[in-house]
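In the text below, chain A, chain B and the rest are named by the order of the sequence lines, each starting its count at 1.
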Amino acid sequence: MPAETVSVTGWGRTAPSAARLIRPRTYEEAVAAVRDCGVRGGIPRGLGRAYGDAAQNAGGAVWDMTGLDRIHVVDVADGTVLCDAGVSLHRLMEVLLPLGWFVPVTPGTRYVTVGGAIGADIHGKNHHVGGSFARHVLSFELLTADGTIRTVAPGTPLFDATAGGMGLTGVILTATVRLQPVETSLMAVDTERATDLDDLMARLTATDHRHRYSVAWIDLLARGAATGRAVLTRGDHAPLDALPARARSAPLAFRPSRLPPAPAGLPGGLLNRATVGLFNELWYRRAPRARTGELQPLPAFFHPLDGVPHWNRVYGRSGLVQYQFVVGHGHEDTLRRIVDRISAHRCPSFLAVLKRFGEADPGWLSFPRPGWTLALDIPAALPGLGALLDALDEEVAAAGGRVYLAKDSRLRPELLTAMYPRLADFRALRAELDPRGALVSDLARRLAL
Amino acid sequence: MQDAFGLPQSLLVLGGTSEIALATARRLIARRTRTVWLAGRPSAALESAAAELRALGAGVRTVAFDALDPDSHETVLGKVFAEGDIDLVLLAFGVLGDQAHDERAPTAAVRVAQTNYTGAVSAGLVSARALQTQGHGALVVLSSVAGERARRANFIYGSSKAGLDAFAQGLGDALQGTGVHVMVVRPGFVRTRMTAGLPKAPLATTPEEVAAAVELGLRRRSEVVWVPGVLRVVMAALRHAPRGVFRRLPV
Ligand SMILES: Cc1cc2nc3c(=O)[nH]c(=O)nc-3n(C[C@H](O)[C@H](O)[C@H](O)COP(=O)(O)OP(=O)(O)OC[C@H]3O[C@@H](n4cnc5c(N)ncnc54)[C@H](O)[C@@H]3O)c2cc1C
Ligand SMILES: NC(=O)c1ccc[n+]([C@@H]2O[C@H](COP(=O)([O-])OP(=O)(O)OC[C@H]3O[C@@H](n4cnc5c(N)ncnc54)[C@H](OP(=O)(O)O)[C@@H]3O)[C@@H](O)[C@H]2O)c1
């Protein structure tokens, strides 16, 4: 198979490393790639939307799985799809929405693969009612380090190690996923403002269960009494009868629009406290104090950022860091302290998102657990950022919380076992399944996964 | 692995007793560095430097390395890399020489050149190849403002640093896209034992400030770092000063 040595990064564009990029087009090619991986092993990669180094493998192989992109079976009656792991959620939406089905979980971007969705066991705005992506996976085929392909069912150790296992148990080749029925491709959205963090948490706690999808955007540059002011957007798929008459002829149309991509080579510093502060102010002011039942196209509700391809370039040469953590219910004081510290540090972050998670998911390294999760993008060049995040990690760990590996690019490895109590099981399973370390990534090396 | 801020988990210092290198190591250990190799000429100073870093919580090993013996570099450094990935190689060895003496003792002058330049060419190439094989890492080279424009007062040292600087820049270009980051650091006058006894120069700085600049440069993936930063402007002016003027400057 042709292999080209290229420099690889995650979505945050930090810590590049070089690897042989191999793009298998058949399962046989994938098997051969794993068998011949060489001393520095290999790691599967989807669309590279993990922010950090999860889909990089310095000096070894990176298997670009997007060449395996067939949708094999759509069961329109039962609502399941069997497809290759390299199929993107965007593609699934294009194919499934006209048939009246939607993916069970979508992250903030459609440009992730099914393999990446299982590998990171992603969550969406419906986690409080629907759980993570892997909860909707009925089975998958996994190519393991020994070059064999195994069919893996939920409830088995290999399934639970692979869901959230960051590609380190093997290469997912295909998956069968249970779908969500929808009558339309529009969302009925309720918007409201919260004046500060306590107001926000109170609103989410009181009424989240009434909405299938729920998320809040927080202005982390607001200070004083306004610290943690937020806009809540919650909604559900609009039923057919909610559509105006003229829209009912094509209720399942899916036509996302995209602007031209952000140019390469932008200087750093475009996102500073002044520009982001202004943006946040406008966003907050523009949001209605309270509005219910607004119809929005699905991409506008779920994937606003997908409208600008390569928006990560706006962060310039040093890239960006996304910090996402969760702390359990009862640790609201920790969340408050962290929000205060981020506000006090004046992080120019215009994408801070707060969500209430539901039940924990079975994956050994799955991120969600019941409680509060906060995610924010920060320019990596921000002075003092490393030390600030180290301090926040300590708070998170002390509260029994954790940071999300799919977003991580800088965690101190010593904290990992406290954050992920099943790590020992994960390591033991890998040691047995993959004694020569054929599956390895920069993330795995950095954190000794 | 280096993290999003370029901070290394493992460090190899070439010139293990260098005060600038040890200040950098202390700073990096306080961040992420857990494994340190101090490569240098065997001495009590080398062992006590290792002990000092160990007390900060890092695993530290020493290894015999002589810049003046390039034939051994492949073997010596190969053994270090065989023990595990090195995220950052800090090329810190160097000698100032004694200009007045060395002008009259060409073999002594040659030792300065061989240590600072040819020794670094050899160790730099060996390290670069190992870093390239592992697909990631940084090579930080301690050059000097003295190499930016040779001065009457120390042109033997200055010319060796000029060669080193040009070599390191070219190596950085050669390693584009390989995952390896080469960073040239050009300090001005740093108060260390190398400069002990010399009259204090303007814009003098400390090993700690050089260490801070190295950390910042790693985060920014800088290719050239001046310490202090204003030297970039100062040297830009000096570089373009006419020869006759430059000769008479008190620098
Ligand atoms: C704008 C944006 C918004 C996001 N919002 C969310 C969100 O709301 N919720 C959330 O959970 N995440 C979110 N993410 C993160 C993203 O969903 C995950 O990182 C996801 O894993 C990316 O999928 P990918 O196909 O790009 O995989 P990559 O980034 O290429 O890889 C991610 C991991 O999956 C593994 N992997 C990929 N393919 C396979 C395979 N075939 N077999 C086994 N392992 C594989 C890789 O080894 C790697 O460890 C967001 C990311 C962005 C950029
Ligand atoms: N101090 C300054 O003002 C200044 C300014 C600009 C640039 N620099 C450069 O920065 C670097 C570090 O300087 P420093 O100030 O930290 O000086 P230092 O403390 O004197 O360190 C110099 C180091 O070089 C080592 N060395 C010399 N010859 C060697 C050889 N043949 N083989 C192996 N190691 C050898 C020394 O080891 P031993 O213990 O074995 O002698 C010592 O570890 C040098 O390259 C220097 O040129 C210094």
I need the minimum non-hydrogen distance between A:V112 and A:T109, along with the two atoms involved.
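What the structure gives for the nearest pair is CG1-CG2, 3.8 Å.
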Less than 6.0 angstrom from the centroid, inside 45 degrees of the normal: does B:R186 satisfy that with respect to the ring of B:W226?
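Judged by the rule, B:R186 and B:W226 form a cation-pi pair.
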Under a 4.5 Å heavy-atom cut-off, does chain A meet the side chain of [X], its backbone, both or neither?
X      : value
B:R219 : both
B:Q134 : both
B:D87  : neither
B:S222 : backbone

Select one option (side chain, backbone, both, neither) describing which atoms of [X] are under 4.5 Å from chain B's heavy atoms.
X      : result
A:L411 : backbone
A:D390 : side chain
A:Q56  : neither
A:A381 : backbone
A:R445 : both
A:R317 : side chain

Go through A:A387, A:P413, A:A15, A:A380 and name the one with the most non-hydrogen pairs under 4.5 angstrom from chain B.
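Sorted descending by pairs with chain B, the first entry is A:A380.
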Step by step, work out the salt bridge (Lys or Arg N to Asp or Glu O under 4.0 Å) result for B:D3 and A:R410.
CA-CA 5 Å; B:D3 70 4; A:R410 32 75 38 206; over 6 Å; no
Does the side chain of A:D393 come under 3.5 Å of the side chain of A:Y323 through a donor N or O and an acceptor N or O?
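Per modelled atom types, A:D393 and A:Y323 side chains form a pair under 3.5 Å.
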Ignoring hydrogens and geometry, is there a side-chain-to-backbone donor-acceptor pair from B:R149 to B:A241 under 3.5 Å?
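Between the backbone of B:A241 and the side chain of B:R149 there is a qualifying donor-acceptor contact (under 3.5 Å).
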With no hydrogens and no angle check, is any side-chain donor or acceptor of B:R27 less than 3.5 Å from a backbone partner on B:L22?
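No; judged by distance alone, with no hydrogens or angles, the pair does not exist.
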Geometric class of the A:W311/A:W11 ring pair [parallel <30°, tilted 30-60°, perpendicular >60°]:
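Taking A:W311 first and then A:W11, their aromatic rings stand perpendicular (interplane angle over 60°).
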Contact winner vs chain A - B:R220, B:Q176, B:Q2, B:R34, heavy-atom pairs under 4.5 Å:
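Of the options given, most contacts go to B:R34.
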4.5 Å side-chain heavy-atom contact, B:V63 and B:L38:
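With C-beta onward as the side chain, the pair stays apart.
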